Every structure is written in C-alpha cells, then in structure tokens.
Amino acid sequence: EIASCLVGSEMCIRDRTYLFPRAEKLLDGEPRIVIRDGSLIEDNLRRDRVTRAEVESEMRQAGIASMEEVAWGILEPQGKFSFIRKSQET
C-alpha cells in the first residue's frame, strides 16, 4: 500500500512539472556548482549539506584522482554529481 502511494505521488508531481514548467524548479531544484576550476565552493557545499569527503568519493568513482583536474563539479537536482575535466593543453 505504501509503494502504491509513493508511485502515485511521484506521478502527480511529474504531471505537475510537465503542466507547469515553473513548478519544476521548485519541486526538482536546480543544479549547483560545487567545484570551479579545481576549487571547492564551500558556501554551496554547506547549502546542500555536502561534505568534502562526499565530493572526493564521487570524484574517485568518476575516475578523477585530484580536484585540480576538475573544471566544473556540479551537484545535480537528483543528488548525483557531474564532473567536467579541465582541458589538457600540450
């Protein structure tokens, strides 16, 4: 019974965000930059209650060894991290 309630709620929210695009930002949130040019943005980490250790763990899972390799680190609305590496110039 709880599962059907959760599925119903999810469908309702999804329909609302489709019908009312302005509601999407409120319900789903927005991506937040947590790393810029190899440096953590501490204020954004605090705002989303994310620790440096969590970011570093996600970087390792993405195959990134050092924060200096990251041009942009983004916390997506669904709670997943995206990392864009700095371009390699020779």
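Being a predicted model, the structure only gives us computed values, none of them experimental. The analysis underlying the following values was restricted to heavy atoms, covering all of them including side chains, and did not include hydrogens, waters or symmetry mates.
Between Phe83 and Ala62, the closest heavy-atom pair is CD1-CB, 4.1 Å. In terms of heavy-atom proximity, Lys86 sits nearest to Gly38 at CE-N, 4.0 Å. Among all heavy-atom pairs drawn from Ser66 and Met59, the shortest one is C-CE, 3.5 Å.
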Subject >> Test side-chain contact (heavy atoms from CB on, under 4.5 Å) applied to Val34 and Val50, step by step >> reply: CA-CA 9 Å; Val34 295; Val50 176; 5.9 Å; no
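Rounding to the nearest 0.5 Å gives a distance of 4.5 Å between CD1 of Ile64 and CZ of Arg85. Taking OG of Ser57 as the reference point, atom CZ of Arg52 lies at 13.5 Å (rounded to 0.5 Å). Atom CZ in Arg36 sits 5.0 Å away from atom CH2 in Trp72 (nearest 0.5 Å). For the atom pair CD1 of Ile35 and CD1 of Ile74, the computed distance is 10.0 Å after rounding to the nearest 0.5 Å. Rounding to the nearest 0.5 Å places CG of Asp37 at 10.0 Å from CD of Glu68. Rounded to the nearest 0.5 angstrom, Glu54 CD and Phe81 CZ are separated by 6.5 Å.
Criterion: ILVMFWY side-chain heavy atoms under 4.5 Å apart, direct or through other members. Under it, Ile33 and Ile84 are part of a common hydrophobic cluster.
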